[in-house]
Novice: 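One structure follows; several queries about it will come next.
The figures here come from the full heavy-atom set of this structure, side chains too, leaving out hydrogens, waters and symmetry mates. Naming convention: chains lettered A, B, ... in sequence-line order (proteins, then strands); numbering from 1 in each chain. Keep in mind that this is a model prediction, so the values were computed, not measured.
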There are 2 protein chains.
Amino acid sequence: MDATVPGGEGRPPSMHDVARLAGVSHQTVSRVLNDSPSVRTETRERVEAAIAELGYRRNLAARALVTGRSHAIGVLGPYDADYGPMRTIQAVEVAAREAGFLPLMTTATRDREGLQAGIDFLLARAVDAIVVVAQHPIIGKVVDEMAPDLPVAYVLTGKGGRNRSIAIDQEAGVRLALEHLIGLGHTRIQHVRGPDEYAEADLRAQAYAEIMREHGLEPMPLLQGDWSAESGYNLEIDPEATGVFVANDQMALGVVKRLCEQGRDVPGEVSVVGFDDLEESAFFRPGLTTVRQDFSAVGQSAVKFLAGQLSGVRPAPPTPLEPTLLVRASTAQRV
Amino acid sequence: MDATVPGGEGRPPSMHDVARLAGVSHQTVSRVLNDSPSVRTETRERVEAAIAELGYRRNLAARALVTGRSHAIGVLGPYDADYGPMRTIQAVEVAAREAGFLPLMTTATRDREGLQAGIDFLLARAVDAIVVVAQHPIIGKVVDEMAPDLPVAYVLTGKGGRNRSIAIDQEAGVRLALEHLIGLGHTRIQHVRGPDEYAEADLRAQAYAEIMREHGLEPMPLLQGDWSAESGYNLEIDPEATGVFVANDQMALGVVKRLCEQGRDVPGEVSVVGFDDLEESAFFRPGLTTVRQDFSAVGQSAVKFLAGQLSGVRPAPPTPLEPTLLVRASTAQRV
DNA sequence: ACAGTACCTGGAATCGTTAACGTTCACCCA
DNA sequence: TGGGTGAACGTTAACGATTCCAGGTACTGT
């Protein structure tokens, strides 16, 4: 019924226009907008009606200017984000928006200059806090240099050593994968790890060696890919291996294809476990057994942590989140 | 050598601080920042030195307040973005940033209320323009109602009928896929389309029927999925079909899996063509023949269109972009 | 009748930047 | 020498919201 756009005036309505129409002072309008308790219901309604009639929108630039707060949270991700980080970034974005913040995402290469440029971008936008997703340890120093007083949360970059980081428990994930294979009777299990510069790749490779030894098994020589399916396809799996634990699903896809082309049946002769659980992984041939991580929980956790800091409290970051194992057709009892 | 952060003062330096240090007026600093020609080189250098020494950053909120421009471009995508739109959104984001804009992304459901909420979000952030990615035709009306004067570009929502839309030529893509199958001797070709509410799904289905008839072939009954691999897996391909053209790669993955489980060899008995070219598609088993679209070209094109409008000119949007066919192992000569 | 409280007014200062408009000064030409 | 010109720079007034302040009214309870 009432017009959202009353007509093409010169410039958008301001608080004073609303105040005039509602017959109150601009101060009262401000109180309504920031829902202060000391406004009578009737007055509040009159103001809200005026706001609706004029199609008034508060000018966030003016607000930010005077309060010194942008209500924006910066999200810094890796330049070459693959599935895990990408999902995490998305999750942080959603969580930030739900918490009433404006998420500003940007990406940066892993070198010092790239990181500085990325943070610079966010700082120029006057973000109130930063979430760093899946970056190299060096990022910590860079951030502390450039913005020593800004609240920061690190996501997925380790097992949660620093008290400002939120992480999925990588070791637990690796344990699920390996103990599944071991339970199926496999003893010669090879690991395909991700690239050197990635903390997750390091953690998973390290956990692989530890857990193998823990079970009295000898770790096999490491293979390394770059997270892509192609890099997995180009790898030569040890002929002795009957189990392969691959650090992500894309590389696992490539590994499986290559194995099959070499005449080694999956899961008949070799069992393969991935990591991440892509949307499509269940429909690979065979369906891929993999480890699922709850990215959205991580995102929410990070935003909650920062929101808490911004409102003065300093909550302890929650304990690492537990991944789960999805058993599908790419793994079978050792024959 | 010089400190990026000179020390933890109360609040960040302003133009006046820079001006004082450089011995000029704040206006001159402003001119240097906006590189106006009427500043002597020597003065400019002095100002720049002061900026560097203080680690000064211009306050974008203040700038936006006085100019009425945020230098932000809103990107409105579908709530349930699948691969194509997601890549497009990303491409727009990158292009916007490269062009010096701040991309603000948000998603919206396809109903009127969802769209209004999405646009409202962007309008509240005072975006200078909007890119709409892959949305229902109704969006055009909603945008025109809510922001009649805002420059808008529509991406991927049609074959470019409106003069404000940038699209990949869907018909050309479908033609590549179908003529490839026809060239291999297939005549009974079925189409798996996407959901009703998607313009791309409609366009591809329509093109399928037209091109089939154009070649004297009878279109087969349409099958419909929801873009997911699972929905493809749940479909029953006509036993008579020897070729299947699927509207995206995920569904194709499901279709192939199902066919194989039914004992119908791909590509021995049935050839399958997808659409989109996921990173992983080459490593499916068999490698998927598919149609690739150049998303980043679309993104750049959209941003260029809007940037032009914002600086006064009104450039004609470029002609639809041509997709390409990638022939892999999922298609073969009809036996 | 008086204090106390809840709600509201109206004005002024503030945030940091830009736009419009002045001013200064050097230089050139008649 | 006087006046015109243009480059280089300074002054002032916005922009729209928030915050602080000193009230003012009207209702409440004692």
Side-chain angles (χ1 to χ4, degrees), chain A residues 9-51 54-72 100 102 123-128, chain B residues 9-48 50-51 54-72 100 102 123-126 128 310-311:
Chain A
E9 308 96 8
R11 42 164 193 64
S14 77
M15 262 182 54
H16 286 90
D17 301 323
V18 174
R20 199 174 319 119
L21 182 60
V24 298
S25 77
H26 66 116
Q27 172 68 289
T28 303
V29 178
S30 175
R31 277 193 271 256
V32 170
L33 252 35
N34 300 322
D35 43 41
S36 142
S38 52
V39 176
R40 238 188 319 163
T41 320
E42 191 246 357
T43 312
R44 178 186 304 276
E45 278 163 3
R46 226 170 49 237
V47 171
E48 276 163 355
I51 288 176
L54 291 175
Y56 167 76
R57 247 182 271 274
R58 92 130 61 75
N59 184 323
L60 292 171
R63 179 180 156 92
L65 180 58
V66 63
T67 60
R69 287 209 153 183
S70 61
H71 287 253
L102 173 70
L123 256 33
R125 263 79 200 171
V127 294
D128 291 342
Chain B
E9 308 96 10
R11 42 167 191 61
S14 78
M15 266 181 55
H16 285 91
D17 301 323
V18 175
R20 199 174 317 121
L21 183 61
V24 297
S25 80
H26 65 117
Q27 175 65 324
T28 301
V29 178
S30 173
R31 276 193 269 257
V32 170
L33 253 33
N34 301 323
D35 44 41
S36 141
S38 53
V39 176
R40 239 188 320 160
T41 320
E42 191 248 356
T43 312
R44 176 185 307 274
E45 278 162 3
R46 226 171 50 237
V47 171
E48 276 163 354
I51 289 176
L54 292 174
Y56 166 77
R57 246 184 272 275
R58 80 135 68 72
N59 183 323
L60 292 172
R63 180 179 155 92
L65 179 59
V66 63
T67 60
R69 288 209 153 184
S70 61
H71 287 252
L102 172 70
L123 256 33
R125 263 78 200 171
D128 291 343
L310 286 174
S311 44

Novice: How long is the line joining NE2 of His26(B) and P of dC9(D), in whole Å?
Specialist: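 Atom-to-atom, His26(B) to dC9(D), this comes out as 14 Å.
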Novice: Would you classify Arg31(A) as touching base, sugar-phosphate or nothing, given that sugar-phosphate means primed atoms plus P, OP1 and OP2, and contacts are heavy atoms under 4.0 Å?
Specialist: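 Here Arg31(A) touches the bases of the nucleic acid.
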Novice: Which whole-number value in Å describes the distance from Gln27(A) CD to dT18(D) C1'?
Specialist: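 Rounded to whole Å, this separation is 8 Å.
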Novice: Measure CZ/Arg69(A) against P/dG16(C) and give the value in whole Å, please.
Specialist: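 Roughly 16 Å, once rounded to whole Å.
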Novice: In whole angstrom, what separates Leu33(A)'s CG from dA17(D)'s P?
Specialist: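 Going from Leu33(A) (CG) to dA17(D) (P), I get 8 Å.
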Novice: To the nearest Å, how far apart are Leu65(B) CG and dT18(C) P?
Specialist: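 Distance, rounded to whole Å: 11 Å.
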Novice: If you compare every side-chain N and O of Arg58(B) against the phosphate oxygens of dT18(C) (OP1, OP2), does one of them come in below 4.0 Å?
Specialist: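 For Arg58(B), the contact criterion (side-chain N or O under 4.0 Å from OP1 or OP2 of dT18(C)) is met.
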Novice: Would you say Thr67(A) places a side-chain N or O within less than 4.0 Å of OP1 or OP2 belonging to dA17(D)?
Specialist: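 Answer is no, no contact under 4.0 Å.
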Novice: Distance check needed: dC15(C) P versus Arg57(B) CZ, whole Å only.
Specialist: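 It is 20 Å, rounded to the nearest whole Å.
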Novice: With a non-hydrogen cut-off below 4.0 angstrom, is His16(A) in contact with a base, only sugar-phosphate, or nothing?
Specialist: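 Touches nothing.
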Novice: Using whole Å, report how far CG of Asn59(B) lies from P of dG16(D).
Specialist: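 Answer to the nearest Å: 16 Å.
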Novice: Round to a whole Å and report the spacing from CE of Met15(A) to P of dG10(C).
Specialist: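 Computing the Met15(A):CE to dG10(C):P distance gives 13 Å.
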Novice: Both Asn34(B) and Gly23(A) contact DNA chain C. Taking the nearest nucleotide for each, which residue is further toward the 5' end?
Specialist: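 Looking at DNA chain C, the more 5' nearest nucleotide goes with Gly23(A).
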